[in-house]
Amino acid sequence: MIRARHQLYIWLCLAAVLIAVIAAAPILPLDDVRAMDIPHRFAGPSAAHWMGLDNYGRDVFARLVWGGRASLAVAFGSAVLAGIAGTILGLLGGYFRGVVEVVTVRVSEVILFLPPLLLALLVITILGAGVSTLILAITILYIPNYTRVVYAATLQTASQDFVVAQEAMGTHPLTTLWRTILPNVMPPLLVQFSLTVAGAILLESGLSFLGLGVVPPTPSWGLMIRSARSALDVAPMLLVWPSVALAGTVLLLNVICDRLQDVLSPRTAAVGGAAWLRRGARGAARRRASMMPAGKVPAGKLVPEELTGDPARDLGGDLLAVEELSVAITATGRPLTQGISLRVAPGETLALVGESGSGKTLTGLASTGLLPNGLGVAEGRALFQTPGGVTDLAALDEDGMRPLRGAQISMVFQDAAAALNPVHRVGDQLAEVIAAHRPMSRPRIEAEVVELLRKVGIPDPERRARSYPFELSGGQRQRAMIAMAVANAPRLLIADEPTTALDPTIQAQILQLLEFLKQENPDMGVIFVTHNLALVHEIADTVCVMYAGEVVEQGPVAEVFAAPRHPYTAALLASVPEAGQGRLQAIPGTVPQPGRMPEGCRFAPRCDFAAEACRAPQALIEIEGGAGPDGRPRRTRCIRWREAT
Amino acid sequence: MARYIGQRVLVALVLIWLVSTLVFMVLHLVPGDPAELLLASGNTAPDPQAVAQLRTEMGLDRPLMVQYASYLAGIVHGDFGVSLRDGTPVAQQLMLRLPRTLELVVAATLIASVLGIPLGTLAAIRGGGLADRLVSLLASLALSTPVFVVGTGLILLFAQKLGWISAGGYVPFAQDPLRHLALLLMPAGTIALSLWAIVVRMTRASVLEVLERDFVRTARAKGLGRRRILRRHVVRNAMVPVITVIGLQMGTLLGSTVLIEYVFNWPGLSGYLVSAVEARDYPEVVGIVLTISIVFVLINLIVDIAYAVLDPRVKLAA
């Protein structure tokens, strides 16, 4: 931002120097631009004539400076005139609306439907060539651009409170326009002004080049290029000088315009493209952020069962084992989630629960290597059982990940409307995930697409396969999204808030559908990411509660719900509306921001049970005898769980 | 789709009417009248009798509305009057020269798109890298250099210095296809340059934006190959704003043909316009300006339809 401003000043200074030199032409010790020296025509550069002489033996340098005068006079003159006229029209149209708007804005827009140069030529036909005609023609051409810009800005400003307040106080509309609205539309006006000057210089030089602009012998850059054409073979430099002057000036103006836009409306667009697209793309592995020394790493870093370092043995019979996984901002190393450990067995449904910002979605994305730009896995492993053996998902690069995605691990995203490509038919989007992993003939894929759509409960699947996403209802879109995810019978399905954007009745249908799909494919493990505890009870076997980037409690759903062992889980459960229940309990305070995490227990500032010991970093501790019937251990990150719950 | 196209055609017809009216107004509402200006030379006032006679000849003595009606009727019938210079019907010249100008425009658009879209995509993928900066720099230069400077520079380089190709001219395709295309290359390439710069910039910005969209992540989650994601999901979606910008630039492009046909001696409509303006031949100027404007409107109609083909949602919004 500050850099952009400084750059703008540098370029503005350059422009000022250029304009000063050109404006000072009459007092500079320049040769007479009309003085001919025919015997020495086409003479090369010398001390007296820095750029030599032209086809009539006139000093090229002097003509260049004076020519710039003509170009800039026409350009600035018409830019100012068009600016005044266009601004008045735009202000009036945008402020008064109605008939005034039609007369001012719409009528001037008709000009835009004529190619610019043609309108100028039309005016020149009527009025004859010359500087004043040029200014008039170019002014007319640029009025609608200003009108549009000012009109849009006025519309925006006029509806704001401070303007409405002035109206209410009975300020005269013209005073309001002049004092309040005009200063507010200045920024876009400035950008438009620099654009117009650049455009006007191009037009002026073009028309002069055609012999329809500035009338000789007055020098102008366009005319100089015109006359250089006849002597290209003798004196090519006669073409080069005015060309460089012309292109350089326009370039300078364009750069100023770009910088002006940077300063006035900073673009936040991430530069860097998408790392995954580059050949030999580094996946999570090499993008690993070196994590910021995050104070004291929680004591008891290891999960109680000792890890051997041998992936196959560490995974045991499970499908997925996320171990001590941390996601961090690559550039700064600031951790967003820390030390996440969780396991999913074949056929098991794990609910990942937490408020927004708790890191539950990031954990899901990290397991599939789909983290947004700028984030990376900083630590930990994500062991996954593929048919070919155990692999660490966190260490795979894009090419290693690709065969797994959509085939072994699938994702269902929250907002199906955004997650489906709007310009392709639903059936085609479904077909490509099948074709990517199980190449078959086109008719067989199409038959399978229809079958899948039928299976996920979309009525009239033959027709729906040919529909575009926007032609489907919200529930149908999510069904189509789910169909895509299960098309290749994945081992692991990660559903990221799949029902959040839907109506409650549709939510229930989608949950039923997921239940049905699990019965169809009983070995499929599911990670269900949600903030809705009520859903967890219905669909999940185990639950993992996250808070501020950490797991705070995990264990079998029935047990966690019956007897929460962390004050946060307890508070969360108390805030779930249930029929026949008394008052809902809100959790006081807010989730701490990354970078402002408490050193000790992250929930302590909001916790009624916080004690001195909670100021120290807390480890996940296993609750003895708490293991559920399926052997899933219960863990909590609260050292006072006995007192607190 | 048929309904959408019908709507767009209707809008195009209204635009053509508006543009024709604008041209009529420019001719008749400015101070002085064509007959007077036509006969005026320098500062001497024209002979009033001659002016009156010419007025009758040109039909300028009739009431304005009558003139307007006959003017519109002429356009509908493709009758643009006769040239003041040689008395031949203007429409005849228009029919002969219009295809040559269109050829330039189409060739330039093709060159700009074929070179601009892949390079813009590359610049976006290598965001901030060397290729990105190089392409952006080239685009800035291309946007700042006037088209007639580029054209003249190319003549200096390729015709004068290297002698690879003649400085300009035209040979009908039927007569010598190869030479026709060789002569087309320089003028079309020159016009294409600034459009190329705009296409590159727009493609780059658009691709960067699409890369951030959810459906690209979905495509990755489906395990699709890099090329397929780029082609089907990124570039395809990024094309919608690029097409819009190409349509918006057609006015400038048609304007460039005026300069380029002049520079390269290309016997199209636009170069003809320059000589008509010099001679102040009203019927010719009006005929050419109207024809090019109508072409402009029609090109935008095509752009609108291309838009609907690329983005199926557009039809619904209409």
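Below, chains carry the letters A, B, ... as their sequence lines are ordered, and counting in each starts from 1. All values below come from the heavy atoms of this structure, side chains included, with hydrogens, waters and symmetry mates left out. Not measured: the values here are computed from a predicted model.
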Arg228(B) portion near chain A, given a 4.5 angstrom heavy-atom threshold
side chain
Min side-chain heavy-atom separation Tyr262(B)-Arg226(A) under 4.5 Å
yes
Quick one: which of Ser256(B), Ser293(B), Ala221(B) has the most heavy-atom pairs under 4.5 Å with chain A, could you say?
Ala221(B)
Heavy-atom contact with chain B under 4.5 Å, split by part of Met401(A):
neither
Considering only heavy atoms from C-beta outward, does the side chain of Asn237(B) approach that of Pro422(A) to under 4.5 Å?
yes
Proximal component of Val23(B), with respect to chain A [non-hydrogen, under 4.5 Å]:
both
Would you check if the side chain of Arg220(B) reaches a backbone N or O of Gly369(A) as a donor-acceptor pair within less than 3.5 Å?
yes
For Leu117(A) versus Gly255(B), what's the shortest heavy-atom pair and its separation?
CD2-O, 3.1 Å
Checking Val289(B) against Leu121(A) for the side chain to side chain contact (heavy atoms under 4.5 Å, CB included) test, could you report, in this order, the C-alpha distance in whole Å, the side-chain angles of both residues, the deciding distance, and whether it holds?
CA-CA 9 Å; Val289(B) 168; Leu121(A) 286 175; 5.7 Å; no
Just verifying a value: how many Å separate Leu118(A) CG and Ile292(B) CD1, rounded to the nearest 0.5 Å?
4.5 Å
Do Arg217(B) and Met411(A) come within less than 4.5 Å of each other through their side chains, counting heavy atoms only?
no
Say whether, by atom type as modelled, one donor and one acceptor occur between the side chain of Thr218(B) and the main chain of Ala419(A) under 3.5 angstrom.
yes
I want to check something: taking the side chain as every heavy atom from C-beta on, are Phe209(A) and Val263(B) in contact at a cut-off of under 4.5 Å?
yes
Closest non-hydrogen atom pair between Ser144(B) and Asn254(A), with its separation:
OG-ND2, 3.1 Å
Which bit of Leu310(B) is near chain A, if near means a heavy-atom gap under 4.5 Å: side chain, backbone, both or neither?
backbone
Of the backbone (N, CA, C, O) and the side chain (C-beta and beyond), which part of Ile229(B) lies under 4.5 Å from a heavy atom of chain A, both, or neither?
side chain
Are any of the side-chain heavy atoms of Arg226(B) and Asp399(A) separated by less than 4.5 Å?
yes
Are the side chains of His424(A) and His233(B) in touch, meaning some heavy atoms are under 4.5 Å apart?
yes
Spacing of CG belonging to Leu122(A) relative to CD1 belonging to Ile288(B), to within rounding of 0.5 Å:
11.0 Å
Between Glu278(B) and Leu212(A), what is the shortest heavy-atom contact and its length?
CG-CD2, 3.7 Å
Arg402(A) (side chain) donor-acceptor with Gly223(B) (main chain) under 3.5 angstrom:
yes
With a 4.5 angstrom heavy-atom cut-off, is it the side chain or the backbone of Leu22(B) that approaches chain A, or both, or neither?
side chain
I'd like to verify something: which residue of Ala198(A), Ser410(A), Ser205(A), Ala120(A) has the highest number of heavy-atom pairs under 4.5 Å with chain B?
Ser205(A)
Is there a side-chain contact between Leu251(A) and Leu141(B) (heavy atoms, below 4.5 Å)?
yes
Checking heavy atoms, do the side chain of Leu15(B), its backbone, both or neither come under 4.5 Å from chain A?
side chain
Top residue by heavy-atom pair count (under 4.5 Å) with chain A, among Thr145(B), Leu259(B), Val19(B), Leu273(B)?
Leu259(B)
Asp214(B) and Ala418(A) have their tightest heavy-atom pair at CB-O, 3.3 Å
To the nearest 0.5 Å, what is the distance between CG (Leu202(A)) and CZ (Phe148(B))?
7.5 Å
Segment of Leu254(B) engaging chain A (4.5 angstrom heavy-atom cut-off)
side chain
Relative to chain B, which segment of Leu365(A) carries a heavy atom at a distance below 4.5 Å: side chain, backbone, both, or neither?
side chain
